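A short worksheet on the structure shown next.
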Amino acid sequence: MIISEDTLAVVEYLDAFSEQSLRKKNDVSALLEIAAQQLDDERIIGLSFHGSALWKVFSLMRKSTPGSDGFAKLETEFAASMNHMREHIMALSEFSDDETRQRFYDVYLHVHTGSIRNICDLAHDFHHFKELQNRLKHGEDKP
């Protein structure tokens, strides 16, 4: 998949904002590129919203123990955010080339332990995307 210079610039800016901590930089680039080509900003808004939510819940779960107060609610929120992320990835990947579509299926959509970790990594990146959006929205224009 060919990524435009504009998308590469956005991802580089995001990477700088995240202090070079992006985990799925190439996949973020591909998803942003597909959404731009399809004029589908709603999918990116969804990925940033649900990715940020998933990352926050995941972070809380790592600090909690199963069976503790509220853990069941965290598990429910985690599963819901995970499903929303998968829906957005699946919808965007339908507009990609065969190789990219297969890669997204293998890495994110095929149900296995690795795909859960991969979606959490992608959620981490979209959490930073959401944070950057919020900073820019509030006039904080520097990463």
Side-chain angles (χ1 to χ4, degrees), residues 1-66 70-143:
M1 165 170 238
I2 298 171
I3 308 297
S4 70
E5 291 297 320
D6 289 341
T7 299
L8 290 173
V10 168
V11 174
E12 286 304 317
Y13 190 78
L14 177 61
D15 197 31
F17 175 77
S18 73
E19 299 176 346
Q20 281 66 46
S21 71
L22 294 183
R23 298 174 179 185
K24 298 289 186 181
K25 190 174 173 180
N26 291 338
D27 293 340
V28 170
S29 297
L31 290 166
L32 290 173
E33 184 66 30
I34 296 164
Q37 290 174 0
Q38 297 301 311
L39 303 174
D40 192 351
D41 59 337
E42 290 301 315
R43 292 288 175 195
I44 297 303
I45 291 167
L47 281 169
S48 65
F49 176 81
H50 294 292
S52 187
L54 178 63
W55 184 250
K56 289 176 183 176
V57 169
F58 179 67
S59 297
L60 285 172
M61 288 177 75
R62 290 187 340 200
K63 297 174 187 172
S64 303
T65 55
F71 196 83
K73 178 68 173 164
L74 289 174
E75 287 179 315
T76 301
E77 291 300 319
F78 181 86
S81 293
M82 181 73 61
N83 286 334
H84 287 298
M85 291 284 292
R86 281 191 169 121
E87 288 171 7
H88 292 301
I89 294 166
M90 187 174 7
L92 285 171
S93 69
E94 290 301 314
F95 296 102
S96 65
D97 57 64
D98 291 340
E99 182 180 332
T100 303
R101 187 177 317 111
Q102 186 62 48
R103 176 171 157 49
F104 278 116
Y105 177 78
D106 292 343
V107 173
Y108 299 106
L109 303 174
H110 186 72
V111 180
H112 54 79
T113 306
S115 68
I116 293 170
R117 285 190 212 119
N118 288 327
I119 290 177
C120 286
D121 285 345
L122 190 66
H124 166 270
D125 294 355
F126 275 102
H127 168 73
H128 283 293
F129 188 83
K130 181 72 173 166
E131 291 295 314
L132 177 58
Q133 285 179 315
N134 287 338
R135 285 185 87 177
L136 294 172
K137 181 179 176 180
H138 293 98
E140 301 172 33
D141 59 349
K142 298 201 179 189

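Keep in mind the model is a prediction, meaning the values are calculated, not measured.
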Check: [Y] main-chain N/O paired with [X] side-chain donor or acceptor under 3.5 Å:
X: H127; Y: A123; answer: no
X: S115; Y: H110; answer: yes
X: S48; Y: I45; answer: yes
X: S52; Y: F49; answer: no

If you take all heavy atoms of [X] and [Y], which pair is closest and at what distance?
X: N118; Y: V107; answer: ND2-O, 3.1 Å
X: S29; Y: T7; answer: O-CG2, 3.5 Å
X: S81; Y: L54; answer: CB-CB, 3.7 Å

Going from [atom1] on [X] to [atom2] on [Y], what distance comes out if it is rounded to the nearest 0.5 angstrom?
X: H128; Y: R135; atom1: NE2; atom2: CZ; result: 11.5 Å
X: Y108; Y: R86; atom1: OH; atom2: CZ; result: 11.5 Å
X: E33; Y: N26; atom1: CD; atom2: CG; result: 13.0 Å
X: L122; Y: H50; atom1: CG; atom2: NE2; result: 13.5 Å
X: L74; Y: K56; atom1: CG; atom2: NZ; result: 13.5 Å
X: I89; Y: D27; atom1: CD1; atom2: CG; result: 8.5 Å

Q. Are the side chains of L92 and I44 in touch, meaning some heavy atoms are under 4.5 Å apart?
A.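 With C-beta onward as the side chain, the pair touches.
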Q: Describe, in one word, how the ring planes of F126 and F129 are oriented to each other, choosing from parallel (under 30°), tilted (30 to 60°) and perpendicular (over 60°).
A: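 Ring orientation, 0 to 90° scale: perpendicular.
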Q: Determine, stepwise, if the pair V28 / L22 fulfils side chain to side chain contact (heavy atoms under 4.5 Å, CB included).
A: CA-CA 9 Å; V28 170; L22 294 183; 5.6 Å; no
Q: Enumerate the residue pairs fulfilling salt bridge (Lys or Arg N to Asp or Glu O under 4.0 Å) with a member in residues 114-132, sequence neighbours excluded, ordered by first and then second residue.
A: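 Counting only pairs at least two positions apart or across chains, the salt bridge (Lys or Arg N to Asp or Glu O under 4.0 Å) contacts touching residues 114-132 are R23-D121.
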Q: Evaluate side chain to side chain contact (heavy atoms under 4.5 Å, CB included) for M61 paired with F78, printing each intermediate quantity in order.
A: CA-CA 9 Å; M61 288 177 75; F78 181 86; 3.7 Å; yes
Q. Run the side chain to side chain contact (heavy atoms under 4.5 Å, CB included) check on M82 and I116 step by step: do they pass?
A. CA-CA 8 Å; M82 181 73 61; I116 293 170; 3.7 Å; yes
Q. Can you list every pair that meets side chain to side chain donor-acceptor pair (under 3.5 Å) and has a residue in residues 87-99, with sequence neighbours left out?
A.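 Residue pairs with at least one partner in residues 87-99: R43-H88, D97-T100, D98-R101.
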Q.
Pair C120, H124 - check side chain to side chain contact (heavy atoms under 4.5 Å, CB included), show working.
A. CA-CA 6 Å; C120 286; H124 166 270; over 6 Å; no
